[in-house]
Number of protein chains: 2
Amino acid sequence: MLTRSEEDHLKAVYALLLDGDSALTKDIAHRLRTKASSVTDMLKKLADKGLLKHEPYYGVKLTAKGRGHAVQLVRRHRLWETFLVQRLGFGWDEVHEVAEQLEHVADDKLTDRLDDYLGKPAFDPHGDPIPDRKGRIRPRKTQRLSVCRAQESVRIAAVSETTDGLLRLLDSKGLRIGTQLTVLEVHPFDGSMDIKPKNGASFSVSKEVSHHLQVEPA
Amino acid sequence: MLTRSEEDHLKAVYALLLDGDSALTKDIAHRLRTKASSVTDMLKKLADKGLLKHEPYYGVKLTAKGRGHAVQLVRRHRLWETFLVQRLGFGWDEVHEVAEQLEHVADDKLTDRLDDYLGKPAFDPHGDPIPDRKGRIRPRKTQRLSVCRAQESVRIAAVSETTDGLLRLLDSKGLRIGTQLTVLEVHPFDGSMDIKPKNGASFSVSKEVSHHLQVEPA
DNA sequence: TCCAATTTTTAGCCTCGTCTAATTTATTCG
DNA sequence: CGAATAAATTAGACGAGGCTAAAAATTGGA
Ligand SMILES: [Mn+2]
Ligand SMILES: [Mn+2]
Ligand SMILES: [Mn+2]
Ligand SMILES: [Mn+2]
């Protein structure tokens with residue numbers, strides 16, 4: 001049985017490896033709003049438990065066992081987010097903190113039944129894939145909207161940052177998972193982009209926003 | 001914000017006061033499977049926070065504030081139990097441990113929406129009343145089956161102990177919340193009781209069982 | 001190459017929640 | 001009443017998980 005803190009560290013490592021492919025002590029500390037010295041201790045502990053390998057200055061790698069724990073944690077997090085939005089009517093900008101707590105209730109029967117109850121959803125409210133009970137994740141080939149060129153037509157597949165501010169901004173512009181849009185123009189000066197949603201007037205989004213939108217061919 | 005341990009101590013005090021009307025250090029320790037010395041420390045801390053008053057050898061009394069926290073914890077516990085049974089198909093003997101964890105996710109929005117989602121249930125799967133969002137509890141006048149006399153006809157309102165063994169025994173005899181039955185005979189020798197459920201053959205139950213069945217007039 | 005900046009670790013301290021063992025305090029009973 | 005018993009507290013320890021400040025290790029730039 002892992003403690004909450006152990007779980008959170010594993011999840012941080014897992015997330016850093018996914019989108020940056022290295023997990024350094026200082027980055028883990030930053031992500032968990034803690035200090036590097038605290039992370040050093042925890043990495044030692046997790047390495048002793050056979051959940052990861054740590055090479056200073058190079059980074060952390062998860063063992064199969066460690067990755068398994070991380071994936072199950074992600075599974076629980078995303079299932080709860082889905083429950084909160086689909087069943088309890090929460091907004092997609094309101095679920096992260098609560099799911100951050102619920103994810104630590106580690107009970108396989110609970111997790112699997114919740115999964116069934118929700119209809120074994122493939123994606124959470126932010127478009128992120130939900131691992132199945134065996135930890136398998138349906139792969140998708142998406143790219144950031146920010147790398148798209150003028151004239152491309154795409155569909156929003158996921159939001160790769162789940163801060164309230166971004167999510168509410170997207171809400172206010174009518175941009176959500178599944179929204180189809182065409183890139184009209186990209187402005188090299190600031191990286192901003194003019195886009196036109198399929199059903200709506202065109203407007204522009206900043207680089208900060210387009211960077212966090214994962215899209216797939218429409 | 002209370003820690004998990006603080007919450008569990010408050011709940012233990014609350015429960016002890018409800019069905020014994022005193023809460024002694026040693027009883028709290030026994031209920032939480034911990035030691036009296038640990039409880040002493042925690043009581044000091046909770047008293048400092050204005051959640052309870054402690055008089056050694058006499059017992060603990062909750063302040064309004066402390067009772068409020070305890071009642072909200074009970075509310076969350078029973079709502080989750082209801083969710084697990086009604087929505088996820090858990091047996092009533094399988095929910096306690098999980099609810100013991102879920103109850104500590106303290107988020108008013110979550111609790112209230114879960115309550116709505118379940119249709120503001122008045123009772124949990126064990127027949128225990130669920131406090132409403134203001135902490136109000138619908139009062140009921142029930143008594144233990146063990147104090148009933150021959151010929152009395154009653155309805156099972158609640159099970160006042162939620163150990164797996166008892167619940168599974170009741171399941172196997174077809175005794176559940178709402179079951180109507182008539183007391184045929186009480187045997188003074190061992191306190192066992194012959195009963196006849198409305199729809200079923202008669203059989204006998206031990207004192208241990210009848211003691212934990214709360215009934216109301218049929 | 002070698003120095004400066006960055007990253008990581010170490011050392012020492014702290015709080016929280018728990019424990020055991022010893023002690024104190026209250027209650028109960030002969 | 002006074003002794004035995006029961007209940008509670010105190011004292012001291014420990015592990016988990018965090019912190020700061022200082023030291024050590026590595027990297028990378030001039
Ligand atoms: Mn978490
Ligand atoms: Mn998500
Ligand atoms: Mn609990
Ligand atoms: Mn219950």
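Per chain, numbering begins at 1; letters A, B, ... match sequence-line order.
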Peer 1: Considering only C/dT18, C/dT9, D/dG18, which nucleotide approaches the side chain of A/S5 most closely?
Peer 2: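 Within the option list, the nearest is D/dG18.
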Peer 1: Quick one: what's the B/S/- string for nucleotides 20-30 of chain C, heavy-atom cutoff under 4.0 Å, read 5' to 3'?
Peer 2: B----BS----
Peer 1: In this structure, how many angstroms lie between the C1' atom of D/dG15 and the CG atom of A/D41, rounded?
Peer 2: 12 Å
Peer 1: How about B/D190: does its CG atom have over 12 heavy atoms from other parts shown lying under 6.0 Å from it?
Peer 2: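 Buried by this count: over 12 neighbours within 6.0 Å.
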Peer 1: Using a 3.5 Å distance criterion without hydrogens, assess whether the side chain of A/K109 forms a donor-acceptor pair with backbone atoms of B/F90.
Peer 2: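 Side chain of A/K109 to backbone of B/F90, a donor-acceptor pair under 3.5 Å: no, none is there.
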Peer 1: Looking only at the side chain of A/K26 (C-beta and beyond, no hydrogens), which of the listed nucleotides C/dT7, C/dT10, D/dA8 gets closest?
Peer 2: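 For the A/K26 side chain, the nearest candidate turns out to be C/dT7.
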Peer 1: Return whichever of B/A36 or A/R33 has its heavy-atom-nearest nucleotide of DNA chain D closer to the 5' end.
Peer 2: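 Of the two residues, B/A36 wins.
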Peer 1: Check the pair A/E208 / A/H212 against side-chain hydrogen bond (donor to acceptor under 3.5 Å, both in side chains), numbers first and verdict last.
Peer 2: CA-CA 7 Å; A/E208 286 82 0; A/H212 288 304; over 6 Å; no
Peer 1: Give, ordered by number, those residues of residues 7-19 of chain B having at least one heavy-atom distance below 4.0 Å to an atom of DNA chain C; if nothing qualifies, reply none.
Peer 2: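 Only B/H9 qualify.
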Peer 1: Mind calculating the distance between CG (B/L43) and C1' (D/dA7) to the nearest angstrom?
Peer 2: 13 Å
Peer 1: Of all the choices, C/dT18, D/dT9, C/dT8, which nucleotide is nearest to the side chain of B/M42 once you look at every atom?
Peer 2: C/dT18
Peer 1: Given side-chain contact (heavy atoms from CB on, under 4.5 Å), test B/E103 with B/E7 step by step and report yes or no.
Peer 2: CA-CA 9 Å; B/E103 69 185 0; B/E7 286 188 332; 5.7 Å; no
Peer 1: If only atom types and distance count, is the side chain of B/R78 paired as donor or acceptor with the main-chain N or O of B/F123 below 3.5 Å?
Peer 2: no
Peer 1: Can you check whether B/T34 has a side-chain N or O nearer than 4.0 Å to OP1 or OP2 of C/dC19?
Peer 2: yes
Peer 1: With side-chain hydrogen bond (donor to acceptor under 3.5 Å, both in side chains) as the test, would you mind laying out the steps for B/H96 and B/D164 before giving the verdict?
Peer 2: CA-CA 9 Å; B/H96 191 76; B/D164 303 8; over 6 Å; no
Peer 1: Less than 4.0 Å between a side-chain N and a carboxylate O, is that true for B/D8 and B/R31?
Peer 2: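 No.
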